[in-house]
Structure formats: structure tokens, C-alpha cells
Amino acid sequence: MKKQMKIPLAKPYIGEEEVTEVTKVVKSGWLSIGPYLKKFEEGAAKFAGTKYAVAVNSGTSGLHLCVKAAGIKQGDEVITSPFSFIASSNPIIFEGGKPVFVDVDEKTYNMRPELIEEAITEKTKAILPVHIFGQSCEMDEIMKIAEEHDLKVIEDACESIGATYKGKKVGTFGESAVFAFYPNKQMTTGEGGVIVTDSEKVTKLSRSYRNQGRGEVEEWLDHVRIGYNFRMDEMSAAVGTVQMKRLPWMIKERQRIAETYNKKLGKIDGVITPHTAPHNTNTWFVYTIRVDEGINRDKAMEYLNKNGVASKPYFPSLHLQPIYKELLPYKEGDFPVSEAISKSILALPFFITLTNEEIEYVTEKVGEAVNSASKK
Ligand SMILES: *Cc1c(COP(=O)(O)O)cnc(C)c1O
């Protein structure tokens, strides 16, 4: 019998240069609001292709500030996706707004523009598209609807830094957008996020809100609004500055591994590999497969786990989360496509130092898992 491997779901790529830079910061004693923050923001804006970038302590904080800067208030409705991580819709609720979900596309798992139009009411203030798993939403259609109905667009690009739609990068479509840098994302700062935008107003407001509501002179104890402490520290910014430089290469490596998985896993009966729309480039936040109806997903995951292959059911649909069932008027059956994806999907080990031997092992175990979890 072949030896058993143990392969985690995700692993950040940290090189010597990150260690060097972070050591410099720690030794300098300048640990917050310093030169690395500025450098990191410049790098982020340059990468995204936006005028401004505002770094914060998480993607969630970034989205919160974008929702705030968009003027979302008590009772306002924001149209978004139920197939996502809860951090995409919670910020709407932080501000007293209401997430209005629309169902997603069966292949890309992104929200369907046709359904957005139907969900618009006179309370609708914004659309918050979530570019899921590294792939852009249908931005031409979404931007057209937003223009026609005078709605703001806030892009949750937390999973899709570097992804393009018809050659244009995500993060450059809406009024504002956010990238996130938790250790399982395409690049990391430990915890962290960044708002990218061309809007001077969003930039000024976000800078103020992240720094206790200070006025224009940020060091001054002159508080002009109720703000937060959402600042990114210098250690994170130092790691991020190096990671941002590595990002184009890290994305290429993710694409290479995803293609290898696609080829190998695509041959297994009962496994549905991910679909990238032809006009999109995917930067692969996670690598997920779906199993077809004849296979018990949870049993397959159990088999994988027992054999040292980590997996996770990314994502359960948001409208069925216990707290959302309490707060929002949704129930099972409301978003059948999102629900069907949630029931059949699983994420597999995916990081750029994954070896060929490990990919081979995962493939073999997925094949065995699917067989052993057949409902027939
Ligand atoms: C990761 C993520 C976020 C932000 O998460 P943080 O952990 O706060 O950085 C937001 N939305 C989506 C869809 C995400 O995957």
C-alpha cells in the first residue's frame, strides 16, 4: 500500500524577503502608520489600476467602509449574492441595510444580472457583486443595470485579486472594491485588506473612518466623525509589499495547478470541474469540484479526510445561515441554484507549493472517494 499523505487545504507562500522586510520593521520600532503602509497602498493601486488604495486590517473592514462611503443607511437595500462568504453581506447589515439576494449562475457561481433587475425596488441603493473563487461577475450587464437605476456598485473582489473580465481587472468597475489578504487568499498580509477606488470622496472617507474618524490631518486629535480603528499595521504592510511584488507569479502558479487539476479530475466520472467563462481570467482563490447527484458529498469528504486530504464545503448558502434565517425573510428553496451548488461542492487542497506527487495523490483519493460515496 502506498504511504498516506497529509495535505492541508491552503498554505501561504512566504519567502525570505518577507522575513527580511518584517524584521526591518520590528527592529525599527515604527510599527504603525509608517512608510510601509504608504508603500503598500501605492503598490496596491498600481496593481489594481486605480487612482487610490486604502489599506485596512481586514477585507471585512474594507467592505464595511465601502458600504459606509456609499451612504448605505437604515432600511436601504443592497443586491448581492447568497453564494458567498458571510463577510460580503454582513457589512450591509452593520449599517442597518438589508442584503437582497439573487440567485447565481450554475457554472460560474456568480450572481445572474437578469435577476438583479427583478430585485430592484425603490429602496435599492447599491449592487454588491461578489467575484467568487477568483472569477469576475458579468460586469457589463451589472454596470448597465446600475447606471440605468442610478445604483452604486461595490465590488467584493476579496477572492479575485488580479482576475480580469474582457481584459479589464476586477476592482476597476464599481465606485469601490476590496481585496482581502487572509492567509488562504492569493496573497497575504496575515490579516488585512485594501480598498481600491478612483473616487477621492471614498478615499478621504475611508482614511478618516479607519483612523478613529480623524479629520484631514491624520495625526491630529481632531475627530470629525465616529470612526473605527481599522488600520493596517506596519508588519502586515511589509509582508504585503513583498507579496504584491510576487503576486503575478503566484497567480500564474495557481493557474498552472488549477489546470493540472482540471485535466486530471475532469477524467473522473461523477466529478464536475470548475468552469471559467471564456471572457474571464481566473486567479483561483480556491479549487473546488462538484459531485453529481448520484454521489453523497459529505461521505466523499469523510473519505478524503480519513485519507489525509483536507476538504471543505465552500460555500454553504448565506440565506440558510442560522443568523440570516432569523434576520432576513428567506427560507430553503428561495435560491435553488445556490443551494444545489452548496450541497454538491467541495474545496480541495490548493496552494502554490503543492507538488505533482500531492496532486496525483489528491486525484487518486478523489476517485476512490467518489466511488465509495456513490448512492447506488
Ligand atoms: C475573505 C473574504 C472576505 C474578507 O475576509 P477577511 O477575512 O475579513 O479579510 C470578504 N468576502 C469574501 C467573499 C471573502 O472570501
Side-chain angles (χ1 to χ4, degrees), residues 9-12 40 44 48 53-68 70 78-95 99 101-102 104-105 108-111 126-137 153-163 170-171 174 176-196 206 209-210 228-233 236-237 239-240 243-244 247 254 274 282-288 312-319 321 324 338 341-342 345 347 350-351:
L9 201 62
K11 217 195 276 184
F40 179 64
V54 181
V56 287
N57 61 352
S58 76
T60 311
S61 302
L63 286 166
H64 186 181
L65 296 189
C66 290
V67 166
K68 246 182 138 61
V78 179
I79 299 174
T80 188
S81 172
F83 189 75
S84 179
F85 181 53
I86 198 157
S88 60
S89 47
N90 275 349
I92 301 162
I93 297 173
F94 296 162
E95 291 305 307
F101 293 128
V102 296
V104 296
D105 180 77
T108 64
Y109 314 154
N110 277 322
M111 58 202 286
I127 306 173
L128 196 154
V130 182
H131 307 301
I132 208 77
F133 295 161
Q135 172 164 215
S136 175
C137 295
V153 174
I154 300 164
E155 292 172 73
D156 182 341
C158 288
E159 300 187 358
S160 296
I161 190 166
V170 300
S176 60
V178 178
F179 303 127
F181 307 120
Y182 187 74
N184 69 346
K185 311 275 171 169
Q186 287 92 334
M187 62 166 269
T188 188
T189 60
E191 297 284 357
V194 70
I195 299 163
V196 292
S206 307
Y209 276 123
R210 81 167 165 188
Y228 304 86
N229 177 359
F230 285 169
R231 296 184 300 258
M232 174 183 273
D233 66 74
S236 297
V239 172
Q243 290 266 301
M244 191 66 79
L247 185 59
R254 292 181 97 81
N282 197 324
T283 60
W284 301 97
F285 162 52
V286 287
Y287 186 89
T288 60
K312 264 211 177 132
Y314 277 176
F315 282 114
S317 291
L318 291 179
H319 65 290
Q321 288 296 320
Y324 278 11
S338 179
I341 298 165
S342 293
I345 200 161
F350 188 66
F351 44 90

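In each ligand, atom 1 is the first atom listed, and ligand 1 is the first ligand listed.
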Would [X] count as being in polar contact with ligand 1, using the rule that some N or O on each side must be under 3.5 angstrom apart?
{"X": "Tyr182", "answer": "no"}
{"X": "Glu191", "answer": "no"}
{"X": "Cys158", "answer": "no"}
{"X": "Ser84", "answer": "no"}

Aromatic ring proximity, centroids under 6.0 angstrom, Phe83 and Phe133: yes
Check: Phe40 ring centroid to Phe181 ring centroid under 6.0 Å: yes
Donor-acceptor side-chain pairing of Thr288 and Tyr109 below 3.5 angstrom: no
Thr283 side chain to Gln186 side chain, donor-acceptor N/O pair below 3.5 angstrom: yes
Sub-4.0 Å atoms of ligand 1 with respect to non-hydrogen atoms of [X]:
{"X": "Ala180", "result": "4 (C), 9 (O)"}
{"X": "Lys185", "result": "1 (C), 2 (C), 3 (C), 14 (C), 15 (O)"}
{"X": "Gly59", "result": "4 (C), 6 (P), 8 (O), 9 (O)"}
{"X": "Ala87", "result": "3 (C), 10 (C)"}

Distance-only, no hydrogens or angles: does the [X] side chain make a donor-acceptor pair with backbone N or O of [Y] under 3.5 Å?
{"X": "Thr60", "Y": "Ala87", "answer": "no"}
{"X": "Asn57", "Y": "Glu191", "answer": "no"}
{"X": "His64", "Y": "Pro91", "answer": "no"}
{"X": "Ser206", "Y": "Leu65", "answer": "no"}

Considering heavy atoms of the protein only, find what lies nearest to [atom] and give residue, atom and distance to 0.1 Å.
{"atom": "atom 12 (C) of ligand 1", "value": "Asp156 OD2, 3.5 Å"}
{"atom": "atom 15 (O) of ligand 1", "value": "Glu159 OE2, 2.5 Å"}
{"atom": "atom 8 (O) of ligand 1", "value": "Thr60 OG1, 2.4 Å"}

